[in-house]
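Letters A, B, ... mirror the listed sequences (proteins, then strands); counts begin at 1.
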There are 2 protein chains.
Amino acid sequence: MAELSIDRRTRKDAQHNRTQILDVARQAFSSDGVEVSMDAIARQSGLGSATLYRHFPNKDALLAALLDEHYEDMLQKKTVIEAEESDAGRALERWIDALGDWMLVYDGLSEPLRAAWSRSNSPLKPTCQNVIDATDIFLRAAQGAGLAQPALSGRHIFLGALAVAWAGGTGLEDHGTRAVLRDMFKNGWGIAS
Amino acid sequence: MAELSIDRRTRKDAQHNRTQILDVARQAFSSDGVEVSMDAIARQSGLGSATLYRHFPNKDALLAALLDEHYEDMLQKKTVIEAEESDAGRALERWIDALGDWMLVYDGLSEPLRAAWSRSNSPLKPTCQNVIDATDIFLRAAQGAGLAQPALSGRHIFLGALAVAWAGGTGLEDHGTRAVLRDMFKNGWGIAS
DNA sequence: CCTGCATTTGGAAAATGGCTACGTATCGGG
DNA sequence: CCCGATACGTAGCCATTTTCCAAATGCAGG
């Protein structure tokens, strides 16, 4: 309903430009990381930068629009995990893995995500909150089964996964390091004596 | 010896300006984080920006000069820990804590540190390497005593500590989160079943 | 004390990036 | 087909890192 009224009032060229921007941005972020300039995206879209900013008031908003697409996938993964995995610990583990992958869809994505959740008015914040909420569900189940540290919250897990994604992200020649970091995130560096 | 020949050839005003820059930068980084502009540092030093760049070819070089001062403290801490702590696990823990503190001396320090170690020619790289080497010593001792995950290397610990510092760094209203993250780094989010 | 010259300096400017003001072009209903 | 609402692009602002070059300045030797 809301969509209809928007669509009806939005000019066709504007609609076309919007999807064009999203397509170009998706491609640009994928190949060059989130650090590509807005100017470059506008140029590749065949538009002036002001037009880009009219559709998305800032870079984070553009990023958020793209991430919301991926959030659909995340919801689906959530359903699949819940259906397939009876063990709450393994379910949480799979969810955290999915989280890590999500945070790596675009190179350098960790930065704006982290910045978003300290800044008060970032368009990325709702998206983060959704993911955190989903994480909380898996986490509490695992905690109930004694398979996750009881003091943690979904926010902590999110931050941890974000930190791992950040550290293991761009320019890490050694691919195995990523796996090691994830394992360290799950099990810690220490061994209880 | 090398210092003498440098000192002899370096003009007094240049020497003075150099220490002046370092003093101002130390203060500026401390109070405003590493994101302060080079221009601001130059201005507060009563110098033109070009002068600043003559002394330190880029921001990382300036940062590295300051961090090297702190590295002295780290070496001292290392000695103290080695002297006081007979348990290798606790020694490693204390070292990692020191590592975490070191990475927080300036706000936003994690960023350049991480960038440094993927970029090939960063002035910060040698400093990082020194810290990693020291970490390796503590780590191997702990591994030998069965108190740390055997698959890890000093580099992994360094990256992990960096990730924790990054995630728990700037703009984290909740101070307890930092402690939780450190604990999660040591023990993981999971509980072995 | 003076003087010549290498060294050092400062201000201006280039390159890049986020973002905006404003006049113009275009869409689409009547 | 026309006109107002809507969307557009140019040009530009501000901030940041870094570089260029002419002018100033310290210092060694006379």
- Any His55(B) side-chain N or O less than 4.0 Å from OP1/OP2 of dT9(C): yes
- Thr51(A) side-chain N/O to dA7(D) phosphate OP1/OP2 under 4.0 Å: no
- Enumerate the residue pairs fulfilling salt bridge (Lys or Arg N to Asp or Glu O under 4.0 Å) with a member in residues 116-145 of chain B, sequence neighbours excluded, ordered by first and then second residue. Asp136(B)-Arg140(B)
- Under a 4.0 Å heavy-atom cut-off, which of residues 17-40 of chain A touch DNA chain C? Val36(A), Ser37(A), Met38(A)
- Euclidean distance, atom CG of residue Leu52(B) to atom P of dT16(D) [Å, nearest integer]: 14 Å
- Task: Name all residues meeting the side chain to side chain donor-acceptor pair (under 3.5 Å) criterion together with Asn187(B); count only those two or more places apart in sequence or in a different chain, and write none if there are none.
- Result: Asp183(B)
- Whole-Å distance, Arg43(B) CZ to dT17(D) P, equals 11 Å
- Query: Considering heavy-atom distances to DNA chain D, does Asn58(B) or Leu47(A) have its closest nucleotide positioned more toward the 5' end?
  - Reply: Leu47(A)
- Query: Atom NE2 of His16(B) and atom P of dT9(C): how far apart are they, to the nearest Å?
  - Reply: 11 Å
- Flag the pair Trp117(B) / Ile132(B) as yes when at least one side-chain heavy-atom distance between them is below 4.5 Å, and no otherwise. no
Identify all pairs in which a protein N or O lies below 3.5 Å from an N or O of nucleotides 21-25 of chain D, and state each distance.
from	atom 1	to	atom 2	distance (Å)
dT25(D)	O2	Arg11(B)	NH2	3.2

- Query: Whole-Å distance between dT17(D) P and Leu63(B) CG?
  - Reply: 12 Å
- Task: Sorted by first residue and then second, give each ring pair (Phe, Tyr, Trp, His ring centres under 6.0 Å) pair with at least one member in residues 132-170 of chain B; sequence neighbours left out.
- Result: Trp166(A)-Trp166(B), Trp95(B)-Phe138(B)
Which donor-acceptor pairs under 3.5 Å do side chains of residues 43-56 of chain A form with protein atoms, sequence neighbours excluded?
from	atom 1	to	atom 2	distance (Å)
Ser45(A)	OG	Ile41(A)	O	2.7

- Applying salt bridge (Lys or Arg N to Asp or Glu O under 4.0 Å), which residue pairs with at least one partner in residues 62-75 of chain B are found, sequence neighbours left out? Arg26(B)-Glu69(B)
- Note on the structure: Residue pairs passing the salt bridge (Lys or Arg N to Asp or Glu O under 4.0 Å) test with at least one member in residues 91-103 of chain A, sequence neighbours excluded, are Glu84(A)-Arg94(A), Glu85(A)-Arg94(A), Glu93(A)-Lys186(A), Asp97(A)-Arg182(A), Asp101(A)-Arg182(A)
- Query: Below 4.0 angstrom from OP1 or OP2 of dT20(C), is there any side-chain N or O of Tyr53(A)?
  - Reply: no
- Item | Side-chain touch Ile21(B)/Leu62(B), heavy atoms, less than 4.5 angstrom | yes
- Message: Can you see if the side chain of Lys59(A) gets near the phosphate of dG18(C) - specifically, an N or O under 4.0 Å from OP1 or OP2?
- Response: yes
- Query: Taking atom P of dT9(C) as reference, at what distance in whole Å does atom NZ of Lys12(B) sit?
  - Reply: 15 Å
- Write down the distance between CG (Leu62(A)) and P (dG18(C)), rounded to a whole number of angstrom. 11 Å
- ring pair (Phe, Tyr, Trp, His ring centres under 6.0 Å) against Phe29(B), all qualifying residues, sequence neighbours excluded: Tyr106(B)
